[in-house]
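Just below is one structure, and these are the notes that go with it.
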2 protein chains.
Amino acid sequence: MTNEQVVRPNIMAVLEDRGYRSTNSRRSIVHILEDKGSGFTAEEIGRELPSVGRATIFRTLKLLLEMGVICRLNLPDGPPKYSLSRVEHHHHTVCVVCGNVGEFRAATIERLMRTLSNEIPGDVIGHRIELYITCDLCSKENTN
Amino acid sequence: MTNEQVVRPNIMAVLEDRGYRSTNSRRSIVHILEDKGSGFTAEEIGRELPSVGRATIFRTLKLLLEMGVICRLNLPDGPPKYSLSRVEHHHHTVCVVCGNVGEFRAATIERLMRTLSNEIPGDVIGHRIELYITCDLCSKENTN
DNA sequence: GTTAGTCATGGTACTTAGTATCATTAATAT
DNA sequence: ATATTAATGATACTAAGTACCATGACTAAC
Ligand SMILES: [Zn+2]
Ligand SMILES: [Zn+2]
Ligand SMILES: [Zn+2]
Ligand SMILES: [Zn+2]
C-alpha cells in the first residue's frame, strides 16, 4: 500500500490553463479547500464564505470535480463530502467518528479487481472502494 | 467468487416478527419490491403506487433497510437505488447503462480487506465496494 | 364481534443538496 | 480604455427525504 506525500498542483493555475477565469470567488473557495484538505461539505464552505453565493460554491466544486482536483464521496448517510485529491486512481478512508477523509492506493486491490472482472457477469469498467475507519486521532481520544 | 441462488425471507413475516403491523401500504410496497428485485428508486415505487403517500414509501424503505432486507446504494450520480438483499455481507455491481444492481460475494476481497487493515493508519471497521459494469444484456444490445 | 389502545397513514409543510434563470458585474484581450 | 464574454449573486425551482399532526386502520383483549 502506498500513501506517498502528495505534491498538489496549483489549482488556480490548472483552472486558468483550461481557460477558466481567475476570479475572487474561485480564489477564496480554493484557498479554503487547500486549508481544509479533506472531508468538508459544500455547506461548510458556504458558511466560511458568506459573501460568496451558494450557487457559486456548487458551480466551483463541480468544476474542480470535473478537473479531477477534488473528489466527492457519497457516504451511506449525511451530505456528500469533498476532499482534495491527487490525480491518479485511488480509494478513500473515512473516519466514522470525525468524518475525515483520506486517500490510499493499493496495487493488491487493483490486481484483485482485474481478477474479479473475469468472474463477474458483464464487463467490469470501474470500481469504487471506501474503508470505514476510526482514525488514529479519534482512537486516542477515546482511550484518554 | 460466489453468486449463489438467494433464498429470500418472507418480508412481511419478518416485519410482523419484529412487532410491526401488516398494513395495506406495506404489503403493496413489499409486493412491488419483490417484483422489481433490484435497482429501483423510491420515486419509481411511488409512481407505481399513487394511492400510497410519499412519506409512507420512504418510511417503509427505511424500515426495510434497518431490518437488512434491502440495500441502498448511493451512486456517484442520480438518486439512490434500492435493491432486495440477501442478509450476509456482500458487495454490489451496477450496470452503468441500465442501472441494474447485482450482489456478489468474494472471499478474496474479504481476505484482502483484512490484510489492508494492517497497513492503513487507524482501525478499519468496515468497507464498501461497488463494481461498475455493463451487464450482459446491455453489452448484447450494443453489438446488435 | 365489539371495543379500546396504539400504530401507521396521508397530507402538508419543511429541510437539504443542487440546478436553472437572469440581470448585473468583473476578468480578459485588444 | 474599451469591448467582449465569462462569472456572479439573488432568486426561484427541483428532488430526496423528514417532521408534524389529525384521521384511520390493526391488533389484542374481552
Ligand atoms: Zn479521492
Ligand atoms: Zn477520526
Ligand atoms: Zn446489497
Ligand atoms: Zn445493464
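These values consider heavy atoms only, across backbone and side chains, with no hydrogens, waters or symmetry-generated copies. Labels below follow one simple rule: chain letters A, B, ... track the order of the sequence lines, proteins then strands, and each chain is numbered from 1. Quick caveat, the model's predicted, so the values are computed rather than measured.
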Using OP1 and OP2 only, check whether a side-chain N or O of [X] sits under 4.0 Å from [N].
X: A:Arg21; N: D:dT5; answer: no
X: B:Tyr82; N: D:dA16; answer: no
X: B:Thr23; N: D:dC26; answer: no

Query raised in the report: Can you tell me if OH on A:Tyr132 sees more than 12 non-hydrogen neighbours from other groups inside 6.0 Å?
Result: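 Yes, OH of A:Tyr132 has more than 12 neighbouring heavy atoms, counting only those of other groups under 6.0 Å.
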Report task. Just call it for B:Thr41: base, sugar-phosphate, or nothing, with non-hydrogen atoms closer than 4.0 Å on any strand. Result -> nothing
Query raised in the report: Any ion pair linking A:Glu43 and A:Arg47 (charged N to carboxylate O, less than 4.0 Å)?
Result: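 The answer is yes: the pair qualifies as a salt bridge.
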Report task. Examine the base of C:dT19 for any acceptor or donor lying under 3.5 Å from a partner atom in the side chain of A:Arg59, and report the outcome as yes or no. Result ->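 No, no donor-acceptor pair under 3.5 Å.
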**Report entry** Polar pair under 3.5 Å, donor/acceptor by atom type, side chain A:Arg54, base C:dG18
**Finding:**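 Donor-acceptor pair under 3.5 Å: yes.
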Round to the nearest Å and state the distance from [X] atom [atom1] to [N] atom [atom2].
X: B:Asp77; N: C:dT19; atom1: CG; atom2: P; answer: 10 Å
X: B:Phe40; N: D:dA16; atom1: CZ; atom2: P; answer: 15 Å
X: A:Arg18; N: C:dT28; atom1: CZ; atom2: C1'; answer: 20 Å
X: A:Phe58; N: C:dA20; atom1: CZ; atom2: P; answer: 13 Å
X: A:Tyr20; N: D:dT8; atom1: OH; atom2: P; answer: 12 Å
X: B:Leu61; N: D:dA16; atom1: CG; atom2: P; answer: 12 Å
X: A:Asn24; N: D:dA6; atom1: CG; atom2: C1'; answer: 14 Å

Query raised in the report: Would a distance-only check, ignoring hydrogens and angles, find a side-chain to backbone donor-acceptor pair under 3.5 Å from A:Asp136 to B:Gly122?
Result: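 Answer holds: yes.
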Query raised in the report: Relative to the ring of A:His91, is the ring of A:Phe104 parallel (under 30°), tilted (30 to 60°) or perpendicular (over 60°)?
Result: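 Judged by the thresholds at 30° and 60°, the geometry between A:Phe104 and A:His91 is tilted.
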